[in-house]
Amino acid sequence: MTDGAWSATRPGLAPREVATHCPYCALQCGMTLREDDTGVSVHPRQFPTNRGGLCQKGWTAAELLDHPERLTTPLLRDPATGELRPASWDAALDRVVTGIRAVQQDAGRDAVAVFGGGGLTNEKAYALGKFARIGLRTRHIDYNGRFCMSSAAAAGMRAFGIDRGLPFPLADLGRADTLLLVGANPAETMPPLVRWLTEQRRNGGRLIVVDPRVTATARQADLHLQPLPGTDLAVANALLHIALTRGWVDRAYVAERTTGFEAVRRSVAAWWPARAEQLSGVPVADLEETARALGTGGRVIILTARGAEQHAKGVDTVTAYVNLALALGLPGRDGSGYGCLTGQGNGQGGREHGQKADQLPGYRRIDDPAAREHVAGVWGVSADELPGPGVPAYQLLDSLGTPDGPRALLVFGSNPVVSAPRASRIEGRLRDLDLLVVADLLLSETAALADVVLPTAQWAEEDGTMTNLEGRVLRRRALRPPPPDVRTDLDIISELAARLAPDEAAATEAAARFPADPAAVFAELRRASAGGIADYAGISWARIDGADGVWWPCPTEDGPDTPRLFAERFATPDGRARFHPVDHRPAAEEVCSAYPLHFTTGRVLAQYQSGTQTRRVPALRRAAPEAFVELHPDLAARLGIDDGDPVRVTSRRGELCAPARLSAGIRPDTVFAPFHYPGAGRANSVTNDAVDPISGMPEFKICAVRVAKA
């Protein structure tokens with residue numbers, strides 16, 4: 001964590017500065033950008049989430065603004081040489097429009113698909129969903145946030161009737177008497193959050209971490225449970241079993257504020273601690289100690305993250321921890337509750353306003369007739385013109401270029417060649433397309449495969465809003481305009497909508513329907529979300545500017561926003577939360593003699609997501625230059641592997657090759673690799689593409705592999 005400043009030389013400019021937010025994770029740390037003759041510098045500012053701190057990623061974020069590898073002109077693939085070559089915007093957009101028309105004329109409207117990103121502003125996410133539905137008239141749109149919070153979102157919806165990562169302010173973490181982190185490693189994924197963990201322990205609270213690795217976060221914990229990957233659900237059911245037998249369930253809360261408890265009580269009766277220990281490897285004594293801390297503490301918070309959620313049973317796993325929280329009477333109680341740590345910068349807002357295959361703005365279901373009528377009215381079309389639900393991200397990607405799947409894909413702010421499970425297969429699907437269009441600021445591995453690459457503005461070059469992990473809507477402010485031949489995503493969407501129109505009059509109407517001005521887009525977003533679960537109707541840019549953000553739901557401009565949910569009722573028809581019985585089931589792929597080890601993935605401190613941006617920052621590249629395979633010294637000894645040796649990890653889907661990194665902090669039956677790297681070290685060449693039947697979340701966090709010295 002660093003409170004200094006970094007600058008890049010950009011001479012001859014008048015000094016100016018803006019207050020904005022970091023372009024990376026969902027913590028959305030406050031920062032000030034300053035530009036003068038010495039260049040652009042980053043200065044942390046006192047904002048409630050980061051309180052003046054930044055991690056190394058945020059501190060070096062401005063380095064990408066003038067990066068030598070930045071895309072500054074459109075690129076078109078030369079049919080003669082197969083190479084990407086610079087082109088004019090007219091030529092690039094004409095190629096996109098011609099390709100879309102040809103594909104849709106031949107194979108129908110659904111033959112074109114859109115794939116978005118959890119880093120797009122609310123305005124861009126909204127415009128992209130609208131463009132897919134009434135510009136392209138396709139049902140096929142989803143986004144990389146499906147690989148992030150979808151399991152927690154589905155669990156939250158079925159338990160609480162609402163999906164907001166944290167239903168309380170982040171500052172509550174510092175007041176918790178007991179804080180349980182399940183599958184979360186914020187010390188590396190969002191370091192400024194650790195200040196709240198430090199404050200929590202300084203105030204006498206207990207931190208308990210559930211993770212198969214001794215991570216930087218686990219090393220700070222008072223108690224670390226180290227289960228076999230894929231057994232978090234069994235651990236949760238055992239904790240509830242203990243709470244029941246010890247009398248720690250809040251019976252009055254359960255009776256007054258919930259339904260369905262009896263079925264859950266019966267289902268966890270079979271999860272005695274010894275059974276959970278045999279399955280997960282977590283000792284009975286640690287389970288008892290954890291349950292006691294949760295059941296007898298004053299203010300108790302349970303948080304889940306990707307480690308628990310990125311499984312083919314991710315929804316049920318999160319549900320098990322929600323059941324535990326409800327049984328203990330935590331949600332809606334001051335200083336207590338259940339929450340999820342969102343990953344991507346706008347992972348929350350990005351799914352609320354139309355990028356998900358089954359949703360319309362305001363977190364409305366696209367198959368709900370009333371929702372369709374409302375949104376269609378805002379968009380000025382008939383509800384009958386709106387397409388139906390599409391398919392989740394992996395199913396969409398895996399269908400590309402197949403006889404029944406889309407033949408053209410538009411990608412905004414995502415890099416599935418690195419980030420998708422079974423990535424070699426998805427790379428092949430992208431190569432099979434008739435048309436691949438990628439809008440990005442750098443030539444990602446996905447953009448390198450594209451027929452058309454469109455250069456886009458960076459976070460410091462455009463205005464907009466983001467919604468952080470608390471559901472707090474924030475303002476992103478432009479420091480300067482983008483380079484001369486670079487456009488914003490909103491510009492691109494507006495221009496494509498106009499060019500796809502059948503005549504000049506329709507083109508003018510389309511351009512007006514898809515404004516490039518983010519303020520105009522946000523004003524329309526407010527109307528489209530009004531009355532929905534994620535209601536932004538009362539949130540204006542001016543109101544955000546007058547405070548440290550505004551929490552949704554916020555239905556009226558002169559009414560309150562909602563930092564805390566569930567104080568009086570849940571967002572269900574009867575106001576009660578729902579228990580759901582869930583049971584452990586094995587991973588989609590179990591170990592065997594041919595593939596005897598468990599493989600799991602995660603992040604490292606200096607890199608972010610697919611690494612398209614962070615791998616190009618020299619300081620971050622020096623800190624984490626390449627992929628690695630972490631394995632226990634005992635396992636390495638059995639395999640004849642020394643620290644630093646090249647090793648090959650092989651699954652039924654592919655392999656990765658990277659240097660070995662020996663660590664006593666990982667289980668001897670498990671190996672780990674970070675997922676930020678392409679090429680031979682691509683972890684997602686190995687991962688399993690089995691998906692959760694409810695959320696569509698792939699099973700990133702466990703599969704069966706064998707390991708050998710390369």
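Any value given below was found using the heavy atoms of this structure, including those in side chains, with hydrogens, waters and symmetry copies removed. Keep in mind that this is a model prediction, so the values were computed, not measured. Here, residue 1 is the first one in the sequence, and each next residue gets the next number.
In this view, R603 satisfies the salt bridge (charged side-chain N to carboxylate O under 4.0 Å, His left out) rule with no residue, not counting sequence neighbours. In this view, D548 satisfies the salt bridge (charged side-chain N to carboxylate O under 4.0 Å, His left out) rule with no residue, not counting sequence neighbours.
A salt bridge links R431 with E427; the closest basic N to acidic carboxylate O contact falls under 4.0 Å. Look at K709 and D645 and you find a salt bridge, because one of the NZ, NE, NH1 or NH2 atoms lies within 4.0 Å of a carboxylate O, short of that distance. Using a 4.0 Å cut-off between a side-chain N of Lys or Arg and a carboxylate O of Asp or Glu, D463 and R476 do not qualify as a salt bridge. Checked for salt-bridge contact, D232 and K701 miss the test: no charged N lies under 4.0 Å from a carboxylate O. With respect to the salt-bridge test (charged N to carboxylate O, under 4.0 angstrom), the residues D545 and R475 qualify. Between D66 and R480 there is a salt bridge, with a side-chain nitrogen of the basic residue lying less than 4.0 Å from a carboxylate oxygen of the acidic one. Using a 4.0 Å cut-off between charged nitrogen and carboxylate oxygen, E462 and K124 count as a salt-bridge pair. Remark: E655 engages R648 in a salt bridge, criterion side-chain N to carboxylate O under 4.0 Å.
Taking the ring centroids of F700 and H311, they lie at or beyond the 6.0 Å cut-off. The distance between the ring centers of F115 and F412 does not fall below 6.0 angstrom.
Side chains of R195 and T198: a donor-acceptor N/O pair is absent below 3.5 angstrom, by distance only. Looking at N346 and Q28, their side chains never bring a donor and an acceptor atom within 3.5 Å of each other. Neither side chain, T600 nor H598, offers a donor N or O lying under 3.5 Å from an acceptor on the other. A donor-acceptor pair shorter than 3.5 Å cannot be found between the side chains of T32 and E17. Between the side chains of E445 and S610, no donor N or O sits under 3.5 Å from an acceptor N or O. Side-chain contact, E188 with T215: no donor N or O sits under 3.5 Å from an acceptor N or O. Defined by atom type and a distance below 3.5 Å, a donor-acceptor pair is present between the side-chain atoms of R682 and S424. Inspection of the Q226 and D211 side chains reveals no N or O donor paired with an N or O acceptor under 3.5 Å.
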Steps toward side chain to side chain contact (heavy atoms under 4.5 Å, CB included) verdict (I544, T465): CA-CA 9 Å; I544 297 170; T465 60; 4.0 Å; yes

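Put simply, the side chain of L75 does not reach to within 4.5 Å of the side chain of V452, judged on heavy atoms.
A cation-pi contact links R51 to W196, judged by a cut-off of 6.0 Å to the six-membered ring centre and 45° from its axis.
Checked against L620 for a side-chain contact (heavy atoms from CB on, under 4.5 Å), the options Q613, K57, E63 give a single hit: K57.
A donor-acceptor pair under 3.5 Å links the side-chain atoms of T217 to the main chain of A187, judged by distance alone. At least one donor-acceptor pair under 3.5 Å links the side chain of N203 to the backbone N or O of G174.
In this structure, SG on C22 lies 8.5 Å from OH on Y608, to the nearest 0.5 angstrom.
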